[in-house]
Trainee: 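Right, I'll just put the structure down here and ask away after.
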Amino acid sequence: MSSSDRSQAVGVNKSYEIRTYGCQMNVHDSERLSGLLEEAGYVPAPKDGDGADVVVFNTCAVRENADNRLYGNLGQLAPKKAARPGMQIAVGGCLAQKDRDTIVKKAPWVDVVFGTHNIGKLPVLLERARVQEEAQVEIAESLEAFPSTLPTRRESAYAAWVSISVGCNNTCTFCIVPALRGKEKDRRPGDILAEIEALVSEGVSEITLLGQNVNAYGSDIGDREAFSKLLRACGKIEGLERVRFTSPHPRDFTDDVIAAMAETPNVMPQLHMPLQSGSDRVLKAMRRSYRQERFLGIIEKVRAAMPDAAISTDIIVGFPGETEEDFEQTLHTVRESRFAQAFTFQYSKRPGTPAADMDGQIPKAVVQERYERLVALQEEISWAENKKQVGRTLEVLVAEGEGRKDEATHRLSGRAADNRLVHFTRPDEPVRPGDVVTVEVTYAAPHHLLAEGPAKAVRRTRAGDAWEKRNAAPADKPKGVLLGLPTIGAPAPSPAPAAGCGCD
């Protein structure tokens, strides 16, 4: 959408709220939606206000009950809308791409439905719905504009997502997202690096390269080593201190990527490598194009190149046809891999996926029992791996909102280079999110580290300056993620179906 198109939709200081569900790609899309709305004249709704003039649902289609949850939330808004003249409701994201006209049939008070390929049309669609006084449903079948070309309102002043591709060419039988996001489409390397350089000039010190199958980058532009080249190019950007990426696929994780990670100083020693199952038979049924031996080989090579790397994963328990022997193979792979964290999901049917119609659906009680055994094993491993960090000196990038008990404990929190969460004693001198504090680890829990002694050093950074500048004139921030994957590096809080978006 051109700037002239966007200028037609003017919010005239109407307030907005975005409710984000699902994966990192949706979180990043919501930053774009916020930027679009603010460019069109809308303002964030106050957190302590009586609601917003425009409520946008950025949906996920991965969860089995995603439909019911959406319609339940829409139902709660119906009386609020009836009592608030001019209020509008919009539904976008993967569930909108899938359900389309069904949404306004089930919830006729919805004003706009838009898909994953045309998020840039939201302001125009809102204005059109207001003028024409009827719902606007517009679902593009292919990408109209790469999301990163749209305006943005980023949630963080010091860390940023950078999309390098959208869509996915895999055909995993449990995942509906490729059908909704489409085939992989890569950005030009120069455009990606230009965006990163612009972010760094604004004070960002950490970026996460984002794609539904991030290390397949290059397949659309015909360069099998494009991803490793991109990592190395990020290493040449002055002022960029930390580079991460999510989520890769074992099929495309080649030796040149491992070498680029190990040899590029600002690429962090952290890897999220989805396993899904340790059973070759189940992996075949999932249409995962690797087997246990290949997966463990990747882990071995990564550890050889980066001995201190923290590796996390995704695992599905109870996939159709999974036997006790299959599950034991998953437990074996977990023991061998020594993951720092694992996001464990109980399989649940997702309509529209091949797995939903497979024979051998596993009873809920069996899935629950296996899930609990897997979680117990991984808790034991996570704790043991974290205990190895005790006594180490770490540089921690101070984060905002990572430590829920920080005020009560007089601590601050942040992420180490390997993305482990570290809570540390608040230094005497002022410290801002985006600054870097050097601490010694004194205690380890399964999901965090603790540094109870005084900080060894505090480095004020341009990222901290950027945070301070943003917060000099307080403004309400958009709502955070409500559902779906937790932040990489944190444990899964509860059973959930497999992530199919940004988590291959």
Trainee: When you measure from the side chain of R19 to the backbone of V55, do you find a donor-acceptor pair of N or O atoms at a distance under 3.5 Å?
Mentor: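 Not confirmed, R19 side chain does not pair with V55 backbone.
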Trainee: Regarding Q346 and Q368, is there a side-chain donor-to-acceptor distance under 3.5 Å anywhere?
Mentor: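 Judged by distance alone, the side chains do pair up.
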Trainee: Is there a side-chain contact between K349 and P320, using heavy atoms and a 4.5 Å cut-off?
Mentor: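 With C-beta onward as the side chain, the pair stays apart.
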Trainee: Nearest heavy-atom pair of G51 and A45: which atoms, and what distance?
Mentor: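 The pair with the smallest heavy-atom distance is O-CB, 4.3 Å.
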Trainee: Report yes or no: does T20 contribute a side-chain atom to a donor-acceptor pair with the main-chain N or O of V27 at less than 3.5 Å?
Mentor: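 Flag not set: sc T20 to bb V27 has no pair under 3.5 Å.
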Trainee: Are V214 and L210 side-chain neighbours, meaning at least one heavy-atom pair lies under 4.5 Å?
Mentor: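 V214 does not reach L210 side chain to side chain.
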Trainee: Is a donor on one side and an acceptor on the other found under 3.5 Å between the side chain of Q88 and the backbone of L126?
Mentor: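 Confirmed, Q88 side chain pairs with L126 backbone.
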Trainee: Do other residues, nucleotides or ligands put more than 12 heavy atoms under 6.0 Å from the CZ atom of R188?
Mentor: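 No - once you tally the heavy atoms of other residues, nucleotides and ligands closer than 6.0 Å, there are 12 at most.
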Trainee: Determine whether a donor-acceptor pair (N or O, by modelled atom type, separation under 3.5 Å) exists between the side chain of T208 and the backbone of F245.
Mentor: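 Answer holds: no.
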Trainee: At what distance, to the nearest 0.5 angstrom, does OG of S15 lie from CE of M87?
Mentor: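 S15 atom OG to M87 atom CE measures 9.0 Å (nearest 0.5 Å).
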Trainee: Working to the nearest 0.5 Å, report the span between OG of S34 and CD of E17.
Mentor: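 Here the rounded value is 10.5 Å.
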Trainee: Closest heavy-atom contact between V110 and V113?
Mentor: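 Nearest pair, atom of V110 first, then V113: CG1-CG2, 4.1 Å.
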Trainee: Taking side chain as C-beta onward, heavy atoms only, is R462 less than 4.5 Å from S205?
Mentor: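 Counting from C-beta outward, R462 and S205 never come under 4.5 Å.
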Trainee: If we only count heavy atoms from C-beta on, is the I362 to Y347 side-chain gap below 4.5 Å?
Mentor: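 No, side chains not in contact.
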Trainee: Pair R128, L125 - check side-chain contact (heavy atoms from CB on, under 4.5 Å), show working.
Mentor: CA-CA 5 Å; R128 192 184 300 163; L125 293 172; 3.7 Å; yes
Trainee: What are the two closest non-hydrogen atoms of L283 and L275, and how far apart are they?
Mentor: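 L283 and L275 have their closest heavy atoms at CD2-O, 3.7 Å.
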Trainee: When you measure from the side chain of S382 to the backbone N and O of A340, does any donor-acceptor pair fall under 3.5 Å?
Mentor: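 Such a contact is found between S382 side chain and A340 backbone.
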Trainee: Should the pair Y21 and F57 be assigned to parallel (<30°), tilted (30 to 60°) or perpendicular (>60°) ring geometry?
Mentor: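 Aromatic pair Y21/F57 classed parallel.
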Trainee: Find the distance between OG1 (T246) and CD (Q270) and round it off to the nearest 0.5 Å.
Mentor: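 CD of Q270 is found 7.5 Å from OG1 of T246.
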Trainee: Is the backbone N or O of A355 less than 3.5 Å from a side-chain atom of Q361, with the two atoms forming a donor-acceptor pair by type?
Mentor: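 Checking the backbone N and O of A355 against the side chain of Q361, a donor-acceptor pair under 3.5 Å is found.
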Trainee: Does any non-hydrogen side-chain atom of D465 lie less than 4.5 Å from one of K469?
Mentor: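 No, their side chains stay 4.5 Å or more apart.
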Trainee: Hey, are T344 and Q378 close enough side-chain-wise for a donor-acceptor pair under 3.5 Å?
Mentor: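 Short answer, no.
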Trainee: Evaluate D252 against N213 for side-chain hydrogen bond (donor to acceptor under 3.5 Å, both in side chains), listing each step before the verdict.
Mentor: CA-CA 9 Å; D252 303 300; N213 185 5; 3.2 Å; yes
Trainee: Decide if atom CD of E407 counts as having more than 12 heavy atoms of other residues, nucleotides or ligands within a radius under 6.0 Å.
Mentor: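 For E407, atom CD is not crowded (no more than 12 foreign heavy atoms under 6.0 Å).
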Trainee: Strictly distance-based, threshold 3.5 Å: is any side-chain N or O of E379 a donor or acceptor partner for the main-chain N or O of V375?
Mentor: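 Absent.
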Trainee: Taking atom CG of N58 and atom CG of D29, what is their separation to the nearest 0.5 Å?
Mentor: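 Atom-to-atom, N58:CG and D29:CG are 6.0 Å apart.
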Trainee: Between CG of D191 and CD1 of I196, what distance do you get to the nearest 0.5 Å?
Mentor: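 Here the rounded value is 11.0 Å.
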Trainee: For P250 and M273, work out which heavy atoms get closest and say how close.
Mentor: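 That closest heavy-atom pairing would be CG-SD, 3.5 Å.
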Trainee: Check the pair F114 / Q136 against side-chain contact (heavy atoms from CB on, under 4.5 Å), numbers first and verdict last.
Mentor: CA-CA 8 Å; F114 62 103; Q136 302 294 309; over 6 Å; no
Trainee: Could you go through R350 and F174, starting from their C-alpha distance and side-chain angles, then the distance that decides it, and tell me whether this counts as side-chain contact (heavy atoms from CB on, under 4.5 Å)?
Mentor: CA-CA 7 Å; R350 193 68 198 108; F174 55 79; over 6 Å; no
Trainee: Side chains of R251 and N170: donor-acceptor distance under 3.5 Å anywhere?
Mentor: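 A donor-acceptor contact under 3.5 Å links the two side chains.
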Trainee: Can a donor-acceptor pair be found between the side chains of Y217 and E184 at a distance below 3.5 Å?
Mentor: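 No, no side-chain donor-acceptor contact under 3.5 Å.
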Trainee: Let's go through E206 and R415 carefully: what are the C-alpha distance in whole Å and the side-chain angles of both, what is the deciding distance for salt bridge (Lys or Arg N to Asp or Glu O under 4.0 Å) to 0.1 Å, and is it a yes or a no?
Mentor: CA-CA 11 Å; E206 176 178 303; R415 296 281 171 176; over 6 Å; no
Trainee: Any heavy-atom pair between the side chains of I139 and Q97 that's under 4.5 Å?
Mentor: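 Yes, at least one pair of side-chain atoms sits under 4.5 Å.
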Trainee: If you look at every heavy atom in T353 and T173, which pair is closest and at what distance?
Mentor: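 Smallest heavy-atom distance, with atoms named: CB-O, 3.3 Å.
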Trainee: Using a strict threshold of under 4.0 Å (side-chain N to carboxylate O), is an ion pair present between D111 and R130?
Mentor: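 Here R130 does not pair with D111 in a salt bridge, since their nearest N and O are not under 4.0 Å apart.
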Trainee: Any side-chain donor paired with an acceptor under 3.5 Å for W467 and E400?
Mentor: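 Per modelled atom types, W467 and E400 side chains form a pair under 3.5 Å.
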Trainee: Using the side-chain contact (heavy atoms from CB on, under 4.5 Å) rule, take Y71 and L74 through it: C-alpha gap first, then chi angles, then the decisive distance, then the call.
Mentor: CA-CA 5 Å; Y71 294 119; L74 291 175; 4.0 Å; yes
Trainee: Counting C-beta onward and ignoring hydrogens, is there a side-chain heavy-atom pair between E402 and L421 closer than 4.5 Å?
Mentor: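 They are in contact (side-chain heavy atoms under 4.5 Å apart), so the answer is yes.
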Trainee: To check you understand the geometry: which heavy-atom pair defines the closest contact between P274 and P248, and what is its length?
Mentor: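 What the structure gives for the nearest pair is CD-O, 3.3 Å.
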Trainee: Using a 3.5 Å distance criterion without hydrogens, assess whether the side chain of T59 forms a donor-acceptor pair with backbone atoms of L95.
Mentor: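 Here the side-chain-to-backbone pair exists.
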Trainee: Looking at N118 and G115, would you say the former's side chain and the latter's main chain have a donor-acceptor pair under 3.5 Å?
Mentor: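 Answer holds: yes.
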Trainee: Rounded to the nearest 0.5 Å, what's the gap from OG on S277 to CE on M286? Could you check?
Mentor: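 With rounding to 0.5 Å, OG (S277) is 5.0 Å from CE (M286).
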Trainee: Count the heavy atoms belonging to other residues, nucleotides or ligands that lie under 6.0 Å from NZ of K81, then report whether that count exceeds 12.
Mentor: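 More than 12 heavy atoms, drawn from other residues, nucleotides or ligands, come within 6.0 Å of this atom.
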Trainee: Taking atom CD as the centre, does Q132 end up with more than 12 heavy-atom neighbours from other residues, nucleotides or ligands that are less than 6.0 angstrom away?
Mentor: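 Yes, enclosed.
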Trainee: Less than 4.5 Å apart, any side-chain heavy atom of Y16 and any of V56?
Mentor: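 They are not in side-chain contact.
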